[in-house]
Amino acid sequence: TVTDDKVAVTCPTGNVAPGASITCTSATYLVTQADLDAGAVVNTATAGGTLPQGGTVPPVATSQSVPASRQPALGMDKVAETIAPGDFLPGRSVRYTYNVTNSGNVTITGAITVTDDKTPVNCPALPAGGLLPGGLLVCTADYIVTTTDVQNGLVTNSAFATDGQTTSNTDSATIPQVGNPALSLAKVALTTDFADIGDTIDYRFTVTNSGDTPIFDFQPISINDARIDPATLVCYQPPQLNADGDFDCTATSIPLTQADIDNGSFANTASASFEFQRGGNTTIVTSPTATAVVTSANEPEFTIAKSGPANFSAVGQVMTYTFTVTNLNAQTLTRVVVTDPLIPGLVCPITDLREGNPQSCTGTYTVTQADMDRGTIDNTVTGVGTSPSGQQATATDSLSIPVDPAAATRVLTFAKTASVATFSAPGDVIDYRLRVTNTGTLTLTNVLVTDTALGLSCTLPSLAPNATNNAC
């Protein structure tokens, strides 16, 4: 018979002759975890027999060892608590879970520890008998988010497990897992209008956190506006600006220029931005632009002045008039059209007329007899000015120039001639010619010629200077 300490053995029956042998077979042996842990399967078989004449043969034992292929291994899966971007704040406690798995084929009996590069890790004791292959040990750690983490936009930490003999893979986790920083900006002009070069405009900027990550005061938000005076910019950014939170800034523009005044309105555009870091990469987060428009209070306004000689004295005299146009406000007049009914062909190129810089032009007029007779030359000059935006204004000026009294004369000469030198008899007829001459400078009207001896009364409706009438 054969016995084995591991399995049942079956031998053929019958006698065994001297020098002969028999072969026995055993049942199949299934390796156990204990065999793997022991490193080998060692079993012992004992053979014995009975003699034909009675009695027994002394038993004989033999052993066999089959070594195990031991493959100790640990697996590590590190999982971070899901953190909303808005909760990624300094001082926030984050729970990490470390799933340590016996991924080998031998039982782990040594205490398992987890090393994390950011925080201590707590691991429970192994189950009784150790951690079997496929077994799971869950370790945990709590990490406190730092200001540096927030400045970096995230924190990544790595961990591995070991029992002192076998070390797992290294696994890492990052928080927050998502997050999109964003800004929006509203800009309002606090000054309602402007009028002069050097005027300034006050603004209020409202900055809103339109993303889902908090913004801290160590991430300063800048206002980008090329037309404000940086020395006047004051912002009230809070230590922590949460999603949908906002704050205000105020600033004053740089002094307005002639071009701004001439434009008729002042529009300038701004944006807000800050530096955002994530994993060592820096990006500039910039808001959409915001524009505020302020309209000028200026309307075109100017004067026109007409000047000329103190008086006039003769028909045909050429009189020179000067027209002076003055802009009364800071907005440039692109052109002023000057018209004078006395000078139909007047050429007066007034352009780019600025405050404090009057422009002039001249025109000539020739005195007529009607002017002499009237005794004055009266007329009104008109100017139409146009601003850069197309607005128009009108100005006028009237001037009356009198005739020189010494030159305004009313003088008549009268000559009477007879048709015959002598007469000789009653009934002779004598014809008389009466000649009236205007030797003055003014036209005479309703000139009355009378001769009582002849019974003559004759009216001349009009007699121009240097003209002679002998109709009477």
Could you work out, with ring pair (Phe, Tyr, Trp, His ring centres under 6.0 Å) as the rule, every residue matching Phe218, not counting sequence neighbours?
Phe216
Are [X] and [Y] within salt-bridge range, i.e. N to O under 4.0 Å?
X: Lys306; Y: Asp397; answer: no
X: Asp116; Y: Lys78; answer: yes
X: Lys187; Y: Asp225; answer: yes

Donor-acceptor pair, distance only, cut-off 3.5 Å: does the side chain of [X] make one with the backbone of [Y]?
X: Ser168; Y: Gly75; value: no
X: Ser296; Y: Asn298; value: yes
X: Thr386; Y: Gly390; value: no
X: Asp142; Y: Ser93; value: no
X: Asp171; Y: Tyr98; value: no

Calculate, to the nearest 0.5 Å, the distance between atoms [atom1] and [atom2] belonging to [X] and [Y] respectively.
X: Met319; Y: Ile401; atom1: CE; atom2: CD1; result: 3.5 Å
X: Ile108; Y: Leu126; atom1: CD1; atom2: CG; result: 8.5 Å
X: Asn180; Y: Ser210; atom1: CG; atom2: OG; result: 10.5 Å
X: Ile221; Y: Gln237; atom1: CD1; atom2: CD; result: 4.0 Å
X: Tyr203; Y: Ser253; atom1: OH; atom2: OG; result: 5.5 Å

With Leu74 as reference, evaluate Thr101, Asn169, Ile112 under the side chain to side chain contact (heavy atoms under 4.5 Å, CB included) test and give the passing residue.
Ile112
For the residue pair Asp246 / Asn209, report whether a side-chain donor-acceptor contact shorter than 3.5 Å exists.
no
How are the rings of Phe266 and Phe194 set to each other: parallel, tilted or perpendicular (split at 30° and 60°)?
perpendicular
Tyr143 six-ring face occupied by Lys118 cation (under 6.0 Å, within 45°)
no
Go through Asp260 and Arg227 one step at a time and tell me if the salt bridge (charged side-chain N to carboxylate O under 4.0 Å, His left out) criterion holds.
CA-CA 11 Å; Asp260 299 325; Arg227 297 303 301 273; 2.8 Å; yes
Taking all non-hydrogen atoms of both residues, which atom of Val121 and which atom of Cys139 are closest, and how far apart?
CG1-CB, 3.8 Å
pair Val234-Tyr236: side-chain heavy atoms closer than 4.5 Å:
yes
Give the intermediate values and the outcome of side chain to side chain contact (heavy atoms under 4.5 Å, CB included) for residues Thr351 and Thr334.
CA-CA 5 Å; Thr351 59; Thr334 55; over 6 Å; no
